[in-house]
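When a ligand or atom number is given, it counts from 1 through the structure's own listing order. Owing to the predicted nature of the structure, the values given are computational and were not obtained by experimental measurement.
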Amino acid sequence: MERRGAHQIAADVASGSISAAAVIDEALSSARGIGRSLNAVLETFDDHAMERARALDAARERGETPGPLAGVPVLVKDNICTSVGRTTCASRMLEHYTSPFDATAVARLEAAGAIVIGKSNLDEFAMGGSGEHSAFGPTKNPWDLSRVPGGSSSGSAAAVAAGIVPMALGSDTGGSVRQPAAFCGVVGLKPTYGLVSRLGLVAFASSLDQIGPITRTVRDAALALRVIAGHDPGDATSSRRHHPDPLEGLDHRVHHLTVGVPRQARGEANRPEAASAFDDALRTFAGLGARIVDLDLPSLDAAIAAYYIVSSAEASSNLARFDGLRYGRRAASRPGESVESLVSRSRTEGLGPEVQRRIMLGTHVLSAGYADAYYANALRVRRLLKNEFDAAFASGCHVIATPTTPGAAFRIGAHDRDPLAMYLEDLYTVPANLAGLPAISLPCGVSTAQGSALPLGLQLIAPAFHDAELLRAARMFESASPHDVLRPPVVPAA
Ligand code: GLN
């Protein structure tokens, strides 16, 4: 299959050299085939998508100018609301939920001509880093079917890597766009907090959540961001700040680029494959004339602890609405049963073990007698971390570089008995969420240390609302790196 980027598809559809209907037909059939083999796709919107594609072709024939994403097939993580199909959050609790509206990010993509072909698999309610916590079964990594694709935007990353779609939406609370992008060898962008509307994103931890695109190239990430970014009166935390067009000047190099490297990024947490890919990445930057400077960000050491306290606290509050009475699936009621018991059984049956663990952890860290020790201290760490990042940027760093993950994709089941080990995998991604900063993961190597070829990611972090500059630095790296377009081995269709 020829793999066109979103840019190319939109240009070809606009010029009439290919029809949107042909593009969408092909994407739907690979979503049903390879998408199913990987368990990356939960639902396809066949009729809706084909209808929109034909309407787009007809409009073009009438002489209307198609949008910047004309005919681009897109998959949407299933915790982002679509008015077509279901929005399950990969949870039994919302198995039959249909949203009456489109999330703002989805509406903006479609207004630009993109066509949502279906919904992608995830860790239940976006809680996880492997894709194994979906109530509908784990997603597989297209590079090695015995390994996880990362999470929680597992289906979105796996589908882009497998060539089903050139663009997918994910959500990133502590790394869920960047980490699966790294494990699957694609590009994942978490925008500045407040740049992309959260309206229609089912809340996990509202002060950390951000929708972001997963694509194969930096240019397509910039294209997606340009379309979905911007103020939305429907989201109280959506920013009104002016933000530059990320496509403008994308190919212009950042002058005198300075790349900061925190001490921890070269630390013992890295497995050998991640350490050597990261060193190579820094050499690539040095070869581009960038200055590499060492940074001391002491609060990074406490970031994981702070993140799991803050995110679980917010999750326990956000998910309280799913009680089977106000929202969500209700357990079959028993005669004479108390409301309390019905709620308890509905939540026990409807929510998976990882979600229950987060709710219990969150309730604990907020409870009387513990809130000061845990929650209040976590907020202090968050503030310190933000200050340390600000100081690093004020000292002249344009971007801060780390590996995206301390190693390549692990085997399905590797962390089954040890949730903490899974949490520790997030050490490089959670700081950007705690500080509200934009961050991107780019392919930076392929390791064969574990038998099969597995991609690795480089993470770049920039100051808040410097998303366009972040993308320029990322584009510089991509253009100088031999890993710009990685392709996993061909996955047989189901
Ligand atoms: N892996 C992290 C967690 O489990 C991140 C999740 C996310 O970004 N949605 O919380």
Side-chain angles (χ1 to χ4, degrees), residues 76-80 89-91 120-134 138-139 148-157 168-184 188-191 193 196 198 201-214 303-316 318-319 351-362 365 378 382 404-407 409-410 414-416 418-441 457 459 461:
V76 173
K77 185 176 181 179
D78 209 20
N79 62 344
I80 301 174
C89 295
S91 180
S120 55
N121 204 354
L122 66 149
D123 286 294
E124 184 174 359
F125 283 105
M127 295 174 191
S130 69
E132 296 166 289
H133 298 308
S134 167
T139 302
V148 305
S152 63
S153 309
S154 15
S156 290
L169 286 186
S171 68
D172 191 311
T173 304
S176 282
V177 162
R178 290 159 285 155
Q179 186 253 24
F183 280 7
C184 292
L189 171 69
K190 182 202 90 74
Y193 184 80
V196 175
R198 291 182 296 112
L201 167 64
V202 178
F204 164 4
S206 313
S207 77
L208 303 162
D209 298 341
Q210 223 10 223
I211 291 176
I214 296 179
I304 292 263
Y307 167 79
Y308 275 92
I309 290 170
V310 172
S311 65
S312 303
E314 294 188 27
S316 72
N318 275 325
L319 270 66
L351 301 172
E354 184 59 27
V355 175
Q356 293 192 22
R357 182 155 38 233
R358 307 284 178 118
I359 292 173
M360 286 191 288
L361 180 60
V365 300
R382 188 175 188 178
T404 307
T405 58
F410 44 89
H415 295 320
D416 269 1
D418 189 358
L420 195 59
M422 178 98 85
Y423 298 172
L424 292 174
E425 299 268 347
D426 299 335
L427 95 148
Y428 294 127
T429 50
V430 299
N433 301 76
L434 287 168
L437 307 174
I440 192 167
S441 177
Q459 173 177 241
I461 306 172

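Closest protein heavy atom to atom 7 (C) of ligand 1: Ser176 OG, 2.4 Å. In terms of protein heavy atoms, atom 1 (N) of ligand 1 is closest to Asp426 OD2, 2.9 Å.
For ligand 1, one of its N or O atoms has an N or O atom of Gly174 under 3.5 Å away. Remark: ligand 1 and Ser311 share no N or O pair separated by less than 3.5 Å (distance only, no angle test). In terms of polar-atom proximity, defined here as any N/O pair under 3.5 Å, Gly175 does make such a contact with ligand 1. Considering both main-chain and side-chain atoms, Tyr307 comes within under 3.5 Å of ligand 1 through a nitrogen or oxygen pair.
A donor and an acceptor atom, one from each side chain of Gln459 and Thr429, are nowhere located under 3.5 Å apart. When only modelled atom types and interatomic distance are considered, Asn433 and Arg382 share no side-chain donor-acceptor pair under 3.5 Å. In the model, Glu124 has a side-chain atom that pairs as donor or acceptor with a side-chain atom of Ser91 under 3.5 Å. Side-chain contact, Asn121 with Ser154: no donor N or O sits under 3.5 Å from an acceptor N or O. Side-chain N/O atoms of Asp172 and Ser153 include no donor and acceptor closer than 3.5 Å.
The closest approach between Tyr308 and ligand 1 falls below 4.0 Å for a heavy atom of the residue.
Between Tyr423 and Tyr308, the ring-plane angle classifies as parallel under the 30° and 60° cut-offs.
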| task | Begin with the C-alpha distance, continue with both residues' side-chain angles, and end with the deciding distance and a verdict on side-chain contact (heavy atoms from CB on, under 4.5 Å) for Ser171 and Asn79. | result | CA-CA 8 Å; Ser171 68; Asn79 62 344; 3.1 Å; yes
| field | Derivation and outcome, side-chain contact (heavy atoms from CB on, under 4.5 Å), residues Thr405 and Tyr428 | value | CA-CA 6 Å; Thr405 58; Tyr428 294 127; 5.7 Å; no
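Residue Asp172 has at least one heavy-atom neighbour below 4.0 Å for each of these atoms of ligand 1: 8 (O). Near Ser152, meaning under 4.0 Å from one of its heavy atoms, ligand 1 places the atoms 9 (N). Atoms of ligand 1 found under 4.0 Å from any heavy atom of Ala126 (numbered from 1 in listed order, with element): 6 (C), 7 (C), 9 (N).
Of the heavy atoms in Thr173, both backbone and side-chain atoms come closer than 4.0 Å to ligand 1.
Counting only non-hydrogen atoms, the option in Met422, Glu425, Arg358 that gets closest to atom 4 (O) of ligand 1 is Arg358.
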